[in-house]
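What follows is a set of notes on a single structure, which appears directly below.
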There are 2 protein chains.
Amino acid sequence: MDEVLAHFSQYIKLSPVLTKEIIARVKLHTFKKGELVHDASTICTESFFIQKGLLRIYFVKDGKEITEYFGCEGEWSNSPRSFMQRKIDVYYIDAIEETKVFRLHVDDLVFLFNTFPEMDRYARLSMGTLVGHLLERVTSMRFASAKEKYDHFRSVYHDIYHRIPLHMIASYLGISPETLSRIRAEK
Amino acid sequence: MDEVLAHFSQYIKLSPVLTKEIIARVKLHTFKKGELVHDASTICTESFFIQKGLLRIYFVKDGKEITEYFGCEGEWSNSPRSFMQRKIDVYYIDAIEETKVFRLHVDDLVFLFNTFPEMDRYARLSMGTLVGHLLERVTSMRFASAKEKYDHFRSVYHDIYHRIPLHMIASYLGISPETLSRIRAEK
DNA sequence: AAGTATACTTGACTTACATCAAGAAATATA
DNA sequence: TATATTTCTTGATGTAAGTCAAGTATACTT
């Protein structure tokens, strides 16, 4: 549980009451390697805070699995539009390796938002970080060669990139697995 | 002023006090066509809410101006990292056409955040919209052909795309002006 | 209104990367 | 530990889009 509380504490001071309510609502769960965490045919009603492991958020296009992003330790993962707007969206989530998560139901999150005004501040500040990453990614997607994209990826995910299968990285970067394989071979 | 208040009201109920404080802190200003709104060599201490007109947020790479995004009517524009973290960043902002803005100083925004807890909620909800757009843009950047990118752009910016010079759209999409010109010619 | 600068178009050529294909390596399953 | 699956590598070929270049159109400036 410490990891979740530490995560919130990065952004806001946790009062004893809020701490208690978070602990009461968050449940530990372990997914096996390859296990489906969220199915695109359902509404994503839970968010997963990764304590240990790696998740992949992906969708299927022309029969191929395209990675949208990777869920890393110390972060929340979900199907964003599905979770926020309670509607069906295209994303699946599965576990790249055995993954321990703290799951939080959207109803519980809404309760926290409505009960503790400081939760809005937490969301504002943590989303600021996310927006920064997305802007950087948009920039690196547009004007970088395949090799530059991979180098950028490695610098951002330097702790975990070696735990992710090549074809998942390739689709995340929008390049073919063959091209990525050749880039790796050149080093 | 109505436009700014209407913007906040999309997300939160504005109390009379908050309304008064917003009005007191926001100042109307008009930029001429082509005028520099923000210079990358300075820290961006103001955010601009566009009442009428169009801004371009861009940076320079290899001597070329690359559009990062367009500031549209009813939205805030600034140099995000510079404004949020009070540091120098690479973005310039200029006016694509004569543009009327409401400017808000970062110190005034901080005051509003610290004085009115509901401002955090406003930020959380409005950033949610932004994150959605960025995710969509990341997806469309990776697996779309030049033509598909342009079609997607037109659908997102259908009200204003004809007011933006071709070369700015091209760099926004990460394609060459020549390619965009050829795509347009085919219709 | 003429002159200059900027923006856009069109053609010829080049290239980075995709696709197709087949084999090698690694991993999972019996 | 053998067999089946999946993942990765390597080569051959095709193509979308980039670059270079020169001309045309549009828009500022005086």
Side-chain angles (χ1 to χ4, degrees), chain A residues 31-36 53-54 56 58 60-67 70 92 94-99 139-154 160-187, chain B residues 31-36 53-54 56 58 60-67 70 92 94-99 139-154 160-187:
Chain A
F31 291 103
K32 285 198 283 287
K33 178 173 179 171
E35 192 177 346
L36 199 65
L54 267 176
R56 166 178 68 141
Y58 68 99
V60 177
K61 184 185 170 165
D62 306 330
K64 286 179 195 159
E65 297 174 352
I66 313 286
T67 303
F70 297 105
Y92 296 81
D94 67 4
I96 293 176
E97 53 190 48
E98 178 172 293
T99 300
T139 306
S140 110
M141 292 314 302
R142 277 182 306 173
F143 289 98
S145 65
K147 182 172 184 317
E148 287 167 337
K149 286 180 195 173
Y150 181 58
D151 288 342
H152 180 256
F153 172 79
R154 284 202 309 176
I160 54 159
Y161 77 90
H162 56 278
R163 286 149 61 187
I164 306 172
L166 176 142
H167 69 277
M168 293 183 188
I169 297 175
S171 74
Y172 175 84
L173 295 176
I175 63 181
S176 70
E178 293 92 334
T179 295
L180 183 51
S181 176
R182 281 183 252 261
I183 287 168
R184 281 187 168 175
E186 281 167 15
K187 302 192 180 177
Chain B
F31 291 104
K32 285 197 282 290
K33 177 172 181 173
E35 192 178 347
L36 199 63
L54 267 176
R56 167 179 69 142
Y58 68 98
V60 177
K61 184 185 170 166
D62 306 330
K64 285 178 196 157
E65 297 175 351
I66 312 285
T67 304
F70 298 104
Y92 296 81
D94 66 6
I96 294 175
E97 53 190 48
E98 178 172 294
T99 301
T139 305
S140 111
M141 292 314 303
R142 277 182 308 173
F143 289 98
S145 66
K147 180 171 186 318
E148 286 167 338
K149 286 179 195 173
Y150 181 59
D151 288 342
H152 180 256
F153 172 79
R154 284 201 309 175
I160 54 159
Y161 76 91
H162 55 278
R163 286 150 60 187
I164 306 172
L166 175 144
H167 68 277
M168 294 184 188
I169 297 176
S171 73
Y172 175 84
L173 295 176
I175 64 181
S176 70
E178 293 92 334
T179 296
L180 183 51
S181 175
R182 281 183 251 262
I183 287 168
R184 281 187 167 175
E186 280 167 15
K187 301 191 182 183

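In what follows, every chain begins at residue 1, and chains take the letters A, B, ... in the order their sequences are listed.
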### Task
Measure from the side-chain heavy atoms of E178(B) and tell me the nearest of dG18(D), dA17(D), dA21(D).
dA21(D)

### Query
Sequence neighbours excluded, which residues qualify as salt bridge (Lys or Arg N to Asp or Glu O under 4.0 Å) partners of E35(A)?
none

### Task
Mind checking side chain to side chain contact (heavy atoms under 4.5 Å, CB included) for T139(A) and listing every partner two or more places apart, or none if nothing turns up?
R142(A), F59(B), E68(B), Y91(B)

### Task
With rounding to the nearest 0.5 Å, note down the distance linking OG1 in T67(A) to CD1 in I96(A).
7.0 Å

### Query
H162(A) NE2 to dT7(D) P: how many Å, rounded?
19 Å

### Query
Expressed in angstrom and rounded to an integer, what is the separation of E65(A) atom CD from dT6(D) atom C1'?
12 Å

Between the protein and nucleotides 28-30 of chain D, which nitrogen or oxygen pairs come in under 3.5 angstrom?
residue: dC28(D); atom: OP1; partner: K33(B); partner atom: NZ; Å: 3.0

### Message
Which residues pass the salt bridge (Lys or Arg N to Asp or Glu O under 4.0 Å) test with E98(B), not counting sequence neighbours?
### Response
none

### Between the first and last five pairs of the helix from dT4(C)-dA27(D) to dA30(C)-dT1(D), the angle of the axes, rounded to 10 degrees
50°

### Task
Sorted by first residue and then second, give each salt bridge (charged side-chain N to carboxylate O under 4.0 Å, His left out) pair with at least one member in residues 163-174 of chain A; sequence neighbours left out.
E73(A)-R163(A), E97(A)-R163(A)

### Task
Please check if atom NZ in K61(B) has more than 12 non-hydrogen atoms from other residues, nucleotides or ligands closer than 6.0 Å.
yes

### Query
When the distance from CG of L180(A) to P of dT7(D) is rounded to whole Å, what number comes out?
15 Å

### Message
Using whole Å, what does the distance between atom P of nucleotide dA16(D) and atom CZ of F143(B) come to?
### Response
17 Å

### Message
Measuring to OP1 and OP2 of dT9(D), would you say a side-chain N or O of S181(A) lies under 4.0 angstrom away?
### Response
yes

### Query
Side chains of D62(A) and F143(B): does their closest heavy-atom pair fall under 4.5 Å?
no

### Summary
The side chain to side chain contact (heavy atoms under 4.5 Å, CB included) partners of H167(B) (sequence neighbours excluded) come to P165(B)

### Summary
CE of M168(B) to CZ of F70(B), rounded to nearest 0.5 Å, is 7.5 Å

### Task
Please name all residues satisfying side chain to side chain contact (heavy atoms under 4.5 Å, CB included) with S181(A), sequence neighbours left out, ordered by chain then number.
L166(A)

### Query
Can you name the residues that form a salt bridge (Lys or Arg N to Asp or Glu O under 4.0 Å) with E148(B), not counting sequence neighbours?
none

### Query
Are a donor atom and an acceptor atom from the side chains of R56(A) and Y172(A) found within less than 3.5 Å of each other?
no

### With sequence neighbours excluded, residues passing ring-ring contact (aromatic ring centres under 6.0 Å, His included) with F31(B)
H29(B), F48(B)

### d(CD1, I175(B); P, dT19(D)) in whole Å
12 Å

### Message
Any residue in residues 167-174 of chain B with a heavy atom nearer than 4.0 angstrom to DNA chain D? Just list them by number, or reply none.
### Response
G174(B)

### Message
Tell me if the side-chain of R184(A) makes a donor-acceptor pair with the base of dT10(D), cut-off 3.5 Å, by modelled atom types.
### Response
no

### Summary
5'-most to 3'-most nt of DNA chain C touching chain A (<4.0 Å, heavy-atom partner on protein side) reads dC17(C) to dA28(C)

### Task
Consider the side chain of R182(A), meaning its heavy atoms from C-beta on, and name the nucleotide among dA12(D), dC8(D), dT19(D) that approaches it most closely.
dA12(D)

### Query
Tell me, do I183(A) and K149(A) make a side-chain contact under 4.5 Å, heavy atoms counted?
no

